[in-house]
Protein chains: 2
Amino acid sequence: MATRRPALSRDRIIRAALALIDRDGLDALSMRRLGAELGVDPMAVYYHLPDKAALFDGVVEAVYSEVDVDAAALPGPWPDLLAAYLRRLRTVLRRHPHAVAVIATRPGYTASVLEPADRAVGRLKEEGLTARAAMEITHACRAYTIGFVLAEVGAPLGGPTRAPREAIGSADYPHLVEAMAEGYRPDEQYEAGLRAMLDGFARRQAEIGLTP
Amino acid sequence: MATRRPALSRDRIIRAALALIDRDGLDALSMRRLGAELGVDPMAVYYHLPDKAALFDGVVEAVYSEVDVDAAALPGPWPDLLAAYLRRLRTVLRRHPHAVAVIATRPGYTASVLEPADRAVGRLKEEGLTARAAMEITHACRAYTIGFVLAEVGAPLGGPTRAPREAIGSADYPHLVEAMAEGYRPDEQYEAGLRAMLDGFARRQAEIGLTP
DNA sequence: ACCTGAACACCGTTCAAGT
DNA sequence: ACCTGAACACCGTTCAAGT
């Protein structure tokens with residue numbers, strides 16, 4: 001494919017890596033295949049990035065940068081503000097099923113992740129939360145969102161199971177069958193969980209407000 | 001080490017694999033090192049398991065089997081019942097930091113996972129939930145729990161970052177610094193999020209009960 | 001039935017060398 | 001400054017062979 005090859009750069013390498021992960025899965029991302037994809041000697045990448053861990057960090061950053069909603073600029077009240085941001089995060093994560101596990105495990109301690117997080121906490125303080133509460137609530141809702149997307153679209157880490165999986169529709173699991181009867185509606189389920197968590201936190205905040 | 005070597009078995013292989021992951025990380029689990037650990041030719045494993053994906057599935061099952069709390073036998077009301085089960089799940093997951101990502105991504109569609117899940121839904125029905133609500137609530141709380149543990153102790157997927165990470169205590173992030181001032185108390189944070197989510201669901205259930 | 005060992009097509013990373 | 005290519009110590013999996 002890539003016959004033209006503009007000068008290599010950290011940015012171009014990372015975009016190619018994410019594209020490779022999206023197309024062929026996490027295991028397909030090797031320094032050698034990445035080089036081939038870029039039309040370059042496999043080792044050329046090492047001039048721009050120290051190792052594969054740094055490449056993963058770049059991929060995490062790239063995905064987060066797709067979240068083009070600035071929580072700090074959203075209107076309140078805070079539960080709606082957070083809900084809007086987290087819905088957007090879910091949408092972005094869903095676009096990268098093979099990368100979600102990487103995003104879930106690599107700590108996003110880069111400026112491009114910390115900076116919006118700091119501004120978001122600032123925004124939530126304007127809405128009456130303490131800095132601590134703002135971060136705890138955000139952290140809990142993000143954990144839920146990432147966990148949900150992981151179960152929803154996350155690619156299994158060692159490749160798909162080849163052995164015939166247990167039939168969930170079996171008579172051995174009557175309650176599960178009953179629960180699944182109306183089908184699986186991920187959007188509604190995600191929304192229900194998010195609302196439940198935010199409502200729970202909001203009620204707790206209100207109680208604190210009443211007994212200071 | 002392992003000088004004595006009782007006959008190989010699926011069970012013994014999987015226990016050795018989990019021990020290897022716990023000790024040296026996910027990347028350290030190779031068929032070759034696993035064979036060495038078992039005092040056996042690396043390829044011997046293939047007689048008992050079809051491939052590495054099956055090995056991962058076994059590891060997931062082994063970890064889940066450490067959750068020795070039977071949700072179906074717990075006393076109600078349902079939010080307390082679920083909270084007890086999920087606290088126990090978090091405790092077990094925390095013991096296997098390098099395996100959490102595997103557990104989070106591999107669908108646990110084996111009998112040993114489905115069977116307790118089915119009984120748990122049955123138990124929640126006794127507490128007045130529909131099968132569907134029981135599964136949705138359980139699913140949401142599990143997503144939160146796994147997401148939380150992943151952020152808490154989950155090992156980064158491509159190995160640790162070597163480059164100097166951004167100092168979170170920097171003056172560039174005043175709100176984050178303020179939020180972290182009192183330290184990070186994971187147990188309390190986890191509990192707060194779990195209670196918030198369960199309270200939110202419980203309130204919603206109560207409303208439905210009032211307007212049938 | 002259960003395990004061995006050679007072989008194949010891959011890996012990440014280092015390092016001296018090229019331009 | 002930026003890229004190449006050989007080399008090293010690894011991978012997962014297949015398959016014929018051993019006991």
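Below, read A as the first sequence line, B as the second, and so on, with proteins coming before strands; counting in each chain starts at 1. Computed over heavy atoms, backbone and side chain alike; hydrogens, waters and symmetry mates excluded.
Counting only residues at least two apart or on different chains, the ring-ring contact (aromatic ring centres under 6.0 Å, His included) pairs with a member in residues 129-159 of chain A are A:H139-B:F148, A:Y144-A:F148, A:Y144-A:Y190, A:F148-A:Y190, A:F148-B:H139. Residue pairs meeting the salt bridge (Lys or Arg N to Asp or Glu O under 4.0 Å) criterion with at least one member in residues 136-146 of chain A, sequence neighbours excluded: A:R132-A:E136. Screening residues 38-59 of chain A for salt bridge (Lys or Arg N to Asp or Glu O under 4.0 Å), with sequence neighbours left out, gives A:D51-B:R162, A:D57-A:R106.
Ion pair A:R123/A:E127 flagged as a salt bridge, since at least one NZ, NE, NH1 or NH2 atom sits closer than 4.0 Å to an Asp/Glu carboxylate oxygen. Classification of B:E37 and B:R23 as a salt-bridged pair holds, one side-chain N sitting under 4.0 Å from a carboxylate O. In this structure, B:D187 pairs ionically with B:R90, as a charged nitrogen and a carboxylate oxygen lie closer than 4.0 Å.
OP1 and OP2 of C:dA1 both lie 4.0 Å or more from every side-chain N or O belonging to B:H48.
Between A:L34 atom CG and D:dT4 atom P there is a gap of 13 Å when expressed in whole angstrom units. Rounded to a whole Å, the CG atom of A:D41 is 9 Å from the P atom of D:dA6.
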Produce a footprint string for nucleotides 7-19 of chain C: one letter per nucleotide, 5' end first; B if the base is under 4.0 Å from any protein heavy atom, S if only the sugar-phosphate is, - if neither. B---BBBB-----
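Helical stems in DNA chain C, defined as runs of 3 or more consecutive Watson-Crick or G-U wobble pairs with donor-acceptor distances under 3.5 Å: C:4-8 with D:12-16, C:12-16 with D:4-8.
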Extract all donor-acceptor atom pairs below 3.5 Å that involve side chains of residues 193-200 of chain B and protein atoms in other chains or at least two apart in sequence.
none

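Looking only at distances, a side-chain donor or acceptor of A:D118 sits under 3.5 Å from a matching main-chain atom of B:L176.
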